[in-house]
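Take a look at the structure set out below.
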Protein chains: 2
Amino acid sequence: MTRAHASNPAPDILTLMAAYEGAPDDPAVCPIRDVLDRVAQKWTLLLMIQLSTGPKRFSALQRQVGDISKRMLTQSLRDLERDGLVSREVFPTKPPSVEYALTDLGRSSLEPIAVLTQWADNNHDRIRQARVAFDG
Amino acid sequence: MTRAHASNPAPDILTLMAAYEGAPDDPAVCPIRDVLDRVAQKWTLLLMIQLSTGPKRFSALQRQVGDISKRMLTQSLRDLERDGLVSREVFPTKPPSVEYALTDLGRSSLEPIAVLTQWADNNHDRIRQARVAFDG
DNA sequence: GAGGTATGGTCTCTTATGTAGACCACATCT
DNA sequence: AGATGTGGTCTACATAAGAGACCATACCTC
């Protein structure tokens, strides 16, 4: 039932995972671990989504996300910058302003993110129902 | 440059986000926040991938993931069960064994996960290069 | 029959990780 | 003169995660 399903993407995932079975717990070797570690950072995906409309400044990002601390905003943006997903440009205004934008690599990541958010939107009701059922 | 790009999925994401702009920081209202909070839990995606091959027992999951503690394994599986993505079945063996499996909803989430892992695999090299450049 | 192994957890202790908020220097607007 | 906005950093505190002991039971081996 699980395996013989034409549109089931499981085999693809597993083929990928299997290729790194030797060191499944080493992010330096397994790209899935590596990217998942970034995805699993609570603010990074949200920031990518905010930047998908175009370049934004530090304080604009903080306002729009709403509940992120400056500390985590700084750190998350640095991480994204380090991974080459986001670029950082300082303008010599007084006081200096800083603009963050998606790189080409960052823009390419919007596709998987979009698929994820689509799924989230489509299935949110079912998840909420499941929670109510579980808690009762 | 950012907006007028035919294959750019950004507008889709933003349309979704915009629909919840009133309470952008409330996971109970915004499905993207809600699902992202789950995705951002470090072990949940990895467990979903492990379960994509079929039902697995508690200790099998722990062995395969490799570096997850029992505590986090229990908690992550409970969270996934609560969200209706994973089912839990106890068999009356001695000692009792417990089997975890994906639900239909859980299987449907494999598609976005697969897209994400594909992207991860395709772009891992570029990310690593960016890191080297940044650190240097 | 004593000791080891396996089952799926829970409990406690310690250590990361994240948050809240003050603080900074400077300039502009009121 | 005083408030406001810039992009951060620093410190103190709260929360989350990790390590490992412990549990009852039943097998298998010696």
Side-chain angles (χ1 to χ4, degrees), chain A residues 24-28 33-34 36-48 50-51 54-83 86-102 134, chain B residues 24-28 33-48 50-51 54-83 86-101 134:
Chain A
D25 53 354
D26 186 357
R33 284 291 190 121
D34 205 358
L36 252 46
D37 279 359
R38 177 88 333 140
V39 163
Q41 240 178 296
K42 182 171 188 176
W43 296 115
T44 44
L45 277 190
L46 222 41
L47 289 174
M48 294 297 289
Q50 291 294 341
L51 289 174
K56 290 218 167 43
R57 307 221 333 238
F58 186 87
S59 35
L61 284 170
Q62 191 177 21
R63 269 192 302 272
Q64 284 173 18
V65 171
D67 56 348
I68 187 173
S69 65
K70 285 182 171 184
R71 190 180 176 278
M72 287 314 295
L73 182 54
T74 302
Q75 192 180 111
S76 304
L77 286 170
R78 288 284 183 285
D79 287 343
L80 290 171
E81 189 191 357
R82 189 170 103 96
D83 284 3
V86 159
S87 65
R88 177 178 183 273
E89 190 176 4
V90 182
F91 293 95
T93 55
K94 303 273 176 116
S97 55
V98 180
E99 197 173 81
Y100 293 91
L102 295 183
F134 185 89
Chain B
D25 53 354
D26 186 358
R33 284 294 191 115
D34 205 357
V35 171
L36 252 46
D37 280 359
R38 177 89 332 139
V39 163
Q41 238 177 298
K42 181 170 189 177
W43 296 116
T44 45
L45 276 190
L46 221 44
L47 288 174
M48 293 298 290
Q50 292 293 342
L51 288 174
K56 292 218 165 44
R57 305 220 335 236
F58 186 87
S59 36
L61 284 170
Q62 191 177 20
R63 270 191 302 271
Q64 286 174 17
V65 171
D67 57 349
I68 187 174
S69 65
K70 285 182 172 186
R71 190 180 176 279
M72 287 315 294
L73 182 55
T74 302
Q75 191 179 111
S76 303
L77 287 170
R78 288 284 183 284
D79 287 343
L80 289 171
E81 190 192 357
R82 188 169 103 97
D83 284 3
V86 159
S87 65
R88 177 178 184 270
E89 190 176 4
V90 182
F91 292 94
T93 55
K94 304 274 176 129
S97 55
V98 180
E99 197 173 82
Y100 292 91
F134 185 90

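Just so it is clear, the values below take in all heavy atoms, side chains as well, and ignore hydrogens, waters and symmetry mates. Keep in mind that this is a model prediction, so the values were computed, not measured. First the proteins, then the strands, lettered A, B, ... as listed; each starts at 1.
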Inset, instruction - Could you tell me whether the phosphate oxygens of dG8(D), OP1 or OP2, come under 4.0 Å of any side-chain nitrogen or oxygen in Arg78(A)? - result: yes
Legend entry - Rounded distance (Å) that lies between atom C1' of dG21(C) and atom CG of Asp67(A): 16 Å
Legend entry - Integer-rounded Å distance: dG9(C) C1' and Glu99(B) CD: 17 Å
Legend entry - Nearest to side-chain heavy atoms of Pro95(A), which nucleotide of dC11(C), dG7(D), dG5(D): dG5(D)
Inset, instruction - Would you mind reading off the distance between Leu73(B) atom CG and dG20(D) atom P, rounded to a whole angstrom? - result: 17 Å
Legend entry - Which nucleotide in dT6(D), dG8(D), dG18(D) has an atom nearest any side-chain atom of Val98(A): dG8(D)
Inset, instruction - When you get a sec, tell me which of dG18(D), dA17(D), dA26(D) is the closest nucleotide to the side chain of Trp43(B)? - result: dG18(D)
Inset, instruction - In whole angstrom, give the distance that lies between atom NZ of Lys94(A) and atom C1' of dG5(D). - result: 15 Å
Inset, instruction - Identify which nucleotide among dG9(C), dA20(C), dA19(D) has an atom closest to any side-chain atom of Arg88(B), counting heavy atoms from C-beta outward. - result: dG9(C)
Inset, instruction - Could you check whether Lys70(B) gets within reach of a base, just the sugar-phosphate, or nothing at all, counting any heavy atom under 4.0 Å? - result: base
Legend entry - Euclidean distance, Leu77(B) CG relative to Lys56(B) NZ, rounded to 0.5 Å: 12.0 Å
Inset, instruction - Mind checking Tyr100(B) for me? I need base, sugar-phosphate or nothing, with any heavy atom below 4.0 Å counting as a touch. - result: sugar-phosphate
Legend entry - Whole-Å distance separating the CD atom of Gln62(A) from the P atom of dA20(C): 11 Å
Inset, instruction - Look at the side chain of Arg71(B) and decide which nucleotide, out of dG8(D), dG8(C), dA17(D), has an atom nearest to it. - result: dA17(D)
Inset, instruction - Measure the shortest side-chain to side-chain distance between Leu73(A) and Val65(A) over non-hydrogen atoms and say whether it is less than 4.5 angstrom. - result: no
Legend entry - Whole-Å gap separating P (dG20(D)) and CD1 (Ile68(B)): 16 Å
Inset, instruction - Can you figure out which of dT7(C), dT19(C), dT6(D) approaches the side chain of Ser59(A) most closely? - result: dT6(D)
Inset, instruction - Counting heavy atoms from C-beta on, name the nucleotide in dT9(D), dT7(C), dG9(C) closest to the side chain of Phe58(B). - result: dG9(C)
